[in-house]
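Everything on this sheet refers to the single structure shown next.
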Amino acid sequence: MPAASSAPRAQRLFVVLAGFFIANAIIAEFIGVKIFALEDTLGLQPFEWHLFAQSGSLNFTAGTLLWPIVFIMTDVINEFYGRRGVRFLSWLAVGLIAYAFLFAYAAIALAPASWWVGAARDSGVPDLQAAYAYVFGQGLWTIAGSITAFLVGQLIDVRIFHSIRKRTGERHIWMRATVSTLVSQFIDSFVVLYIAFVIGPQHWSTGLWLAVGSVNYGYKVLAAIALIPLIYLMRRMIDTWLGKDLAVSLKREAARD
């Protein structure tokens, strides 16, 4: 019998999931340059945390809005297309992220039109070239840390997901999705900061690295738990769209992968 993944409807679904997965990963990389204050965004009083002899408030990169979605997408793709599907998309995403930054740097290097540099002066941006370069020209250490952490996290996620799946079968999707995400996000949270800010030119202290990493991880834990219903919703929608027989066959193939 032909593989379920070769069915036209299954192939179209893979393309759609892959598109959202890669788009979210690339967007998260580029918007991550902005640091936002969670308390001010929600209209709450500032919350002061104290960890590892460090203190601060709840400030995160804007990329944290999308990374939990990326890891939820990872689990959904894992459920229907197995390890090969996730690994393929993870490596493809890394390549396309690097490709996107390559052309961002190329665009920064282009000589700006003289009139364009000061075109937004009345809006409070005296030098558009400098603003453009600052927003899109993220440091190489930050890019390297983010890409490395993303890839390592993905590979760990897929391994844990399938390890739990072998023991639980089709039951307890919340367990394999949540545990795999929590472990992979733990690695991701600390690896990216270590490469970008400890090894990188800012040379953070160990205490600062552990404190900021812990706060970031805490945010991702809450996000992962909050998004558990989304996994079930997406699974139900996909099951309905594929049809029961094709959905079951696809998941069985993924489990054998």
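Just so you know, these numbers come straight off a predicted model, no measurement behind them.
Using the six-membered ring where Trp is involved, F150 and F21 have ring planes that are tilted, between 30° and 60° apart. The aromatic rings of F186 and Y217 stand perpendicular to each other, their planes meeting at an angle above 60°, with 30° marking the opposite boundary.
The line from CZ of R9 to CG of L242 is 7.5 Å long, rounded to the nearest 0.5 Å. Summarising the geometry, atom CG belonging to L66 is positioned 5.0 Å from atom CG belonging to N24; distances are rounded to the nearest 0.5 Å. Taking CD1 of I22 as the reference point, atom CD1 of I97 lies at 9.0 Å (rounded to 0.5 Å). Once rounded to the nearest 0.5 Å, the distance linking OG1 of T74 with CG of D157 reads 5.5 Å. Note that CG of D75 and CG of L227 are 10.5 Å apart. Values are rounded to the nearest 0.5 Å. Rounding to the nearest 0.5 Å places CZ of F80 at 9.0 Å from CE of M234.
A chain of hydrophobic side-chain contacts below 4.5 Å, direct or via other Ile, Leu, Val, Met, Phe, Trp or Tyr residues, connects M175 to V76. V192 and I27 end up in different hydrophobic clusters when Ile, Leu, Val, Met, Phe, Trp and Tyr side chains are linked at under 4.5 Å. Hydrophobic clustering places L182 together with V86 (ILVMFWY residues linked when any side-chain heavy atoms are closer than 4.5 Å, directly or through intermediates).
Remark: the backbone N or O of F60 is not paired with any side-chain donor or acceptor of T64 at under 3.5 angstrom. Under a 3.5 Å cut-off, the side chain of S180 and the backbone N or O of A177 do form a donor-acceptor pair. When atom types are taken as modelled, the side chain of E39 and the backbone of F47 share a donor-acceptor pair closer than 3.5 angstrom. R159 places no side-chain N or O within 3.5 Å of a backbone atom of Q154 that could act as its donor or acceptor partner. Using a distance-only test at 3.5 Å, with no hydrogens or angles considered, a donor-acceptor pair links the side chain of S184 to the main chain of T181. Not one N or O on the side chain of R235 forms a donor-acceptor pair closer than 3.5 Å with the backbone of L230. Here the side chain of T41 pairs a donor or acceptor atom with the backbone of A37 at under 3.5 angstrom.
Summarising the local packing, CZ of R236 is surrounded by 12 or fewer heavy atoms from other residues, nucleotides or ligands at distances under 6.0 Å. Within a 6.0 Å sphere centred on OH of Y194, heavy atoms belonging to other residues, nucleotides or ligands number 12 at most. Within 6.0 Å of atom CD in E48, more than 12 heavy atoms from other residues, nucleotides or ligands are found, so the atom counts as buried in its surroundings.
Under the 6.0 Å cut-off for aromatic ring centres, W209 and F52 do not qualify, their centroids lying 6.0 Å or more apart. Close placement of the F103 and Y99 rings is indicated, their centers lying within 6.0 Å of each other. The distance between the ring centers of Y81 and F88 does not fall below 6.0 angstrom.
Side chains of S189 and K220: a donor on one and an acceptor on the other come within 3.5 Å.
Under 4.0 Å is where a charged nitrogen must lie from a carboxylate oxygen, and between K251 and D239 at least one such pair does.
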Apply ring-ring contact (aromatic ring centres under 6.0 Å, His included) to F136 and Y132, showing your working.
-> CA-CA 6 Å; F136 289 102; Y132 186 93; 4.8 Å; yes
Stepwise side chain to side chain donor-acceptor pair (under 3.5 Å) check, R167 with S163 | CA-CA 7 Å; R167 292 168 172 78; S163 178; 2.9 Å; yes
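Between T61 and K34, the closest side-chain pair of non-hydrogen atoms is not below 4.5 Å. At a threshold of 4.5 Å between non-hydrogen side-chain atoms, the residues R87 and V158 count as touching. Put simply, the side chain of E29 reaches to within 4.5 Å of the side chain of F101, judged on heavy atoms.
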